[in-house]
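Working notes, beginning with the structure itself.
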Amino acid sequence: RHPLATFFHLFFRVSAIVTYLFCDWFSNSFVACFVTILLLLSFDFWSVKNVTGRLLVGLRWWNQIDEDGKSHWVFEAKRVPAIAASTEAEARIFWLGLIICPVIWTMFFFSTLFSLKLKWLALVIAGISLQTANLYGYIHCKLGGQKNISRVTSRLFGTTDVPKKKHVCSVPSAGQSRRISEDGTEEHGKTGTR
């Protein structure tokens with residue numbers, strides 16, 4: 001259903017890996033290779049975080065700062081009753097790309113460290129950081145959404161009318177909140193200080 005999003009979900013991350021592997025063949029400039037790979041990693045981070053996660057699996061995460069200066073992590077999971085076969089294939093592609101690429105960058109870290117190519121170490125650490133941040137955010141969305149969906153459904157079946165407005169419910173553990181909007185999305189988050 002979303003071939004363009006699926007393509008770009010894999011394009012930027014695979015391009016960054018291929019460019020890292022074969023950059024020395026095409027260019028002798030370390031700076032050009034470094035900037036190109038870093039741009040591909042940044043494009044991948046942005047597209048996965050803001051576009052492909054929402055379209056392919058119905059998950060999204062972000063951070064917001066309130067007036068008091070406290071940082072709130074918000075994890076959003078869209079509840080979908082039945083998933084079509086094409087969406088299941090897209091979800092598999094999404095999760096495989098999200099899991100395999102940080103593993104590859106971790107292998108690059110050890111190979112760079114043991115071969116003493118220390119100038120590439122900063123780039124590999126940036127690759128691991130950006131890929132792992134998206135993986136962590138989406139795992140948190142997936143697991144947190146499943147835990148809270150059972151609570152929401154039990155509350156909905158316990159009452160006769162479904163609220164039409166967006167509301168915030170407190171979760172028993174300190175510093176967490178979740179929101180359910182009228183379009184069926186559930187937001188839950190953990191608050192903390194900067």
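Every value quoted in this text rests on a predicted model; they were computed, and no experiment measured them.
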Within this structure, what is the [atom1]-[atom2] distance for the pair [X] and [Y], rounded to the nearest 0.5 Å?
X: Lys70; Y: Ile65; atom1: NZ; atom2: CD1; answer: 12.0 Å
X: Trp25; Y: Cys33; atom1: CH2; atom2: SG; answer: 13.0 Å
X: Ile17; Y: Phe22; atom1: CD1; atom2: CZ; answer: 11.5 Å
X: Arg92; Y: Glu90; atom1: CZ; atom2: CD; answer: 11.5 Å
X: Cys23; Y: Phe34; atom1: SG; atom2: CZ; answer: 11.5 Å
X: Asn134; Y: Thr52; atom1: CG; atom2: OG1; answer: 7.5 Å

Quiz item: Does the ring centre of Trp120 sit less than 6.0 Å away from the ring centre of Phe108?
Solution: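 When the ring centroids of Phe108 and Trp120 are compared, they turn out to be at least 6.0 Å apart.
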
Quiz item: What's the verdict on side chain to side chain contact (heavy atoms under 4.5 Å, CB included) for Trp95 and Lys142, showing C-alpha distance, side-chain angles and the deciding distance?
Solution: CA-CA 11 Å; Trp95 287 108; Lys142 182 84 170 160; 4.0 Å; yes

Can you see which heavy atom on [X] is nearest to which on [Y], and at what distance?
X: Pro102; Y: Leu135; value: CG-CD2, 4.3 Å
X: Leu55; Y: Ala5; value: CD1-CB, 3.9 Å
X: Leu38; Y: Ala126; value: CD1-CB, 4.0 Å

Quiz item: Looking at Phe94, Phe43, Phe45, Tyr138, which hits ring-ring contact (aromatic ring centres under 6.0 Å, His included) with His9?
Solution: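 Of Phe94, Phe43, Phe45, Tyr138, ring-ring contact (aromatic ring centres under 6.0 Å, His included) with His9 is met by Phe94 alone.
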
Quiz prompt | Which residues share a ring-ring contact (aromatic ring centres under 6.0 Å, His included) with Phe7, sequence neighbours left out | solution =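 ring-ring contact (aromatic ring centres under 6.0 Å, His included) check on Phe7 returns Phe11.
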
Of all residues at least two apart in sequence or in a different chain, which pass the side-chain contact (heavy atoms from CB on, under 4.5 Å) check with [X]?
X: Ala32; answer: Ser27, Ser29
X: Phe109; answer: Leu113, Leu121, Val124, Ile125, Ile128
X: Phe110; answer: Thr106, Phe114

For the hydrophobic clusters of this structure (ILVMFWY residues joined by side-chain heavy atoms under 4.5 Å, transitively), does one cluster hold both [X] and [Y]?
X: Phe26; Y: Leu21; answer: yes
X: Leu98; Y: Val14; answer: yes
X: Val103; Y: Leu96; answer: no

With side chains defined as the heavy atoms from C-beta onward, is the minimum distance between [X] and [Y] less than 4.5 Å?
X: Leu41; Y: Trp105; answer: yes
X: Thr112; Y: Tyr20; answer: yes
X: Tyr136; Y: Trp61; answer: no

Quiz item: Do any pairs count as a side-chain hydrogen bond (donor to acceptor under 3.5 Å, both in side chains) and have a residue in residues 38-51, sequence neighbours left out, and if so which ones?
Solution: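 Output for this query lists Arg13-Asp44, Asp44-Gln131.
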
Self-check item: Asp68 backbone acceptor or donor facing Asp66 side chain under 3.5 Å
Solution: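 Pair found, side chain donor or acceptor close to backbone of Asp68.
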
Quiz item: Which residue pairs pass the salt bridge (charged side-chain N to carboxylate O under 4.0 Å, His left out) test with at least one member in residues 96-105, sequence neighbours excluded?
Solution: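 Salt bridge (charged side-chain N to carboxylate O under 4.0 Å, His left out) check on residues 96-105 returns no pairs.
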
Quiz item: Run the side chain to side chain contact (heavy atoms under 4.5 Å, CB included) check on Leu10 and Ile93 step by step: do they pass?
Solution: CA-CA 8 Å; Leu10 295 176; Ile93 291 170; 3.6 Å; yes

